[in-house]
Amino acid sequence: MSEPNQPALENLLTEGRRFEPSPEFAAQANVQAGAYDAVGEDLAAYWAGRSRELLTWRTPFTQSLDWSDAPIARWFADGTINAAYNALDRHVEAGIGDRVALHFEGEPGDSRSITYAELRDEVARTANVLASLGVRTGDRVAIYLPLVPEAVVAMLACARLGAPHSVVFGGFSAEALHSRIEDAEAKVVITADGGFRRGKPFALKPAVDEALAKGAPSVEHVLVVRRTGQETAWTEGRDVWWHDVVPQASTEHEPAWVEAEHPLFILYTSGTTGKPKGILHTTGGYLTQVAATHRDVFDLKPATDVYWCTADIGWVTGHSYVVYGPLVNGATQVIYEGTPDTPHRGRWWEIVAKYGVTILYTAPTAIRTYMKWGEEIPAQHDLSSLRLLGSVGEPINPEAWVWYRRVIGGDRTPVVDTWWQTETGAIMISPLPGVTAAKPGSAQTPLPGISANVVDDDGQPVPAGGGGYLVVNQPWPAMLRGIWGDPERYADTYWSRFPGVYFAGDGAKKDEDGDIWVLGRVDDVMNVSGHRLSTTEIESALVSHDWVAEAAVVGASDDTTGQAVVAFVILRGGGPEGVTEAELVETLRQHVAKEIGPIAKPRQVLVVPELPKTRSGKIMRRLLRDIAENRTIGDATTLADSSVMDLIKSELSGGGSKD
Ligand code: WTA
């Protein structure tokens, strides 16, 4: 933490604009003023009440929180429940089976609307198929799919069996997929021949074949959805087409009634070391908080709203706010397979108008991209159905916030800036849309039932106007229950910096009103387009290439993606013969894409003779970031060799490599 990877966002705190909810919105809001006071001192009792209100328990719980073995939390531990039953069956039993659960929009223009009753049946069939492929309660299933309805079906079919899913983002490489399958010891992999992106089919199944060829003895079967119709290599006995087995399977299926603390899923995310962490979430507490926050923060009215969260299911936002939160709440939602500019830059707004979307939840990087494309594009579409906008994934700069509200929200919608993480499972800090006078750029207030604060180096709360580290003081229902296969790393990573409280890895400030402004990571994690990437992981990928002796990666601020990956490399023996610098840079960028995935590809690779290091050998990323952001280089006095920065600068003045 001595070398924070933190963007300079101090100017945020000079933002003075306030946006009160309109009287009409406030009057009809699910959550009214007074919600914070109503919680009382006993947060666990509050959450127990929310859980009973929002979920259907098979066996009602009698205990709310057991924190006696901290930091291991047990929520609602003596209750039994099933996540898929809560997302689907109970809505059908309640007579709303004809409500549309998913409006699916494929990138090429195909679309399907699926009701709750249909989705329930498809999930039950798929659960029967998975069971016939040997999946039992507790077995892990890897899911590597584009954003098609089968992705939602696959996740819920696993949940129905009590088989934790591990979804791997379809943009990750075979290498990344392999390490995740191996770590989770998945029994089955669910994938597709491919998906559509930027107007073209891309393949997925070959990456699964390649990953399994690297050795994954736990995998017995691969269930393959036909999406693009591409030619696909086939391993007889192992591979099974979805369309050969799911349609004819029975819709009779008894959900596995699991204990509240039964694992629901594992989701890998980047940490400060090279190895991604398998974040473990369990069932009862997680479902309670995703349902409560989805209802409260987005003011969801399930019978009338059309909700659209643009996240892919490969990220936690897709888990909590595409799959579990909205479906447990009985919402109607849109899912869209592709990119915002295919076949034209108005595609999202066309979708909003087509389905009459009322609630939109997306990331600042998308908003900034639309700002760049110009407001005449959204202006060509009817966006009058929208009544609430949400933002997640990275700090939203006030200009983007105000643009979002004015251009997309017609100057009338509340905007909720929601702070949370893969580890927190659900939203933790956010305005309440009918209550809070919103401040552009600030997530503002911990939600009712959440206790978070900004503390200094000694763990003491900072006074108004102060800055420090964001912490959560009390356990919350959707908190991670550990890191898959590595219990010690869980306690070390999150609970040791400030004993007894959860350290989120983010820097934050508290303003004069006590509102929280999240500034970004203070560890070696970058945030590129709202996606978490580890500097160490990309450095490891670079040094695994023969040409590279040493590498240092920083997140440099970027107008569109928030941060961008900039790599500094020292070549082995002066570099390869007969290769131009441009070829070398491109080769290394592709190498990172192959090792991790295209999202990790550096924006720039800069070849340098040395790296700035402290006497203890730690790379001073702050100085490298000064170079990457074209700033005057800061204090270099703690360097082991203070001439290194001059050497790097003179070498680089010969030209970088940006595309
Ligand atoms: C950042 C995504 C500022 C933060 C849900 C956090 C944010 C990391 C916000 C988690 C926000 C997320 N304002 N920063 N509203 N939301 N972040 O695990 O640095 O992919 O630690 O979860 O994103 O990223 P993750």
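When a ligand or atom number is given, it counts from 1 through the structure's own listing order.
- Between Asp513 and Lys439 a salt bridge is recorded (basic side-chain N to carboxylate O distance below 4.0 Å).
- Between Tyr361 and Thr418, the side chains place a donor N or O and an acceptor N or O closer than 3.5 Å (distance only, hydrogens not considered).
- Within the 4.5 Å cutoff, the side chain of Tyr469 has heavy atoms near those of the Asp457 side chain.
- Within a 6.0 Å radius of CG in Asp456, more than 12 heavy atoms belonging to other residues, nucleotides or ligands are found.
- In the candidate list Thr422, Ile427, Val518, Thr422 is nearest to atom 18 (O) of ligand 1, counting heavy atoms.
- The Val316 neighbourhood of ligand 1 comprises atoms 5 (C), 22 (O), with distances under 4.0 Å to a heavy atom of that residue.
- Under a 4.0 Å criterion applied to the non-hydrogen atoms of Thr317, ligand 1 contributes the atoms 5 (C).
- Nearest protein heavy-atom contact of atom 19 (O) of ligand 1 is Asp506 OD1, 2.6 Å.
- Of all protein heavy atoms, the one lying nearest to atom 10 (C) of ligand 1 is Trp420 O, 3.7 Å.
- Side-chain polar atoms of Asp341 and Trp373 form no donor-acceptor pair below 3.5 angstrom.
- The residue among His319, Glu394, Gln421 with a heavy atom at the shortest distance from atom 9 (C) of ligand 1 is Glu394.
- The distance criterion of under 3.5 Å between nitrogen or oxygen atoms is not met by Glu423 with respect to ligand 1.
- Where the criterion is an N or O separation shorter than 3.5 Å, residue side chain and backbone included, Val392 fails it with respect to ligand 1.
- For Thr424 and Tyr502, the side-chain atoms include no donor-acceptor pair closer than 3.5 Å.
- Near Asn527, with a cut-off below 4.0 Å to any heavy atom, the atoms of ligand 1 are 1 (C), 23 (O).
- Heavy-atom proximity to Thr418, at under 4.0 Å, picks out these atoms of ligand 1: 9 (C), 11 (C), 15 (N), 16 (N).
- Closest to atom 3 (C) of ligand 1, if we only count protein heavy atoms, is Pro395 N, 3.1 Å.
- Salt bridge status for Arg497 with Asp523: absent, with no side-chain N to carboxylate O gap under 4.0 Å.
- Proximity of Ile396 to ligand 1, defined as any heavy-atom pair under 4.0 Å, is not found for any part of the residue.
- Close N/O approach between Arg521 and ligand 1 is found [any backbone or side-chain N/O within under 3.5 Å].
- Take Val415 and apply the side chain to side chain contact (heavy atoms under 4.5 Å, CB included) test, not counting sequence neighbours, and it matches Leu389, Trp401, Tyr404, Arg405.
- Salt bridge status for Lys277 with Asp486: absent, with no side-chain N to carboxylate O gap under 4.0 Å.
- The residues Lys372 and Glu399 are annotated as not salt-bridged, no charged nitrogen and carboxylate oxygen being separated by less than 4.0 angstrom.
- Contact annotation for Val525 and ligand 1: no heavy atom of the residue comes within less than 4.0 Å of the ligand.
- Proximity of Ala443 to ligand 1, defined as any heavy-atom pair under 4.0 Å, is not found for any part of the residue.
- When hydrogens are left out, the protein atom nearest atom 16 (N) of ligand 1 is Gly393 N, 3.1 Å; that is the closest non-hydrogen contact.
- Using a 30° and 60° split on the angle between ring planes, Trp420 and Tyr321 fall in the perpendicular class, above 60°.
- For a threshold of 3.5 Å applied to N or O pairs, the pair formed by Arg532 and ligand 1 contains at least one separation below that value.
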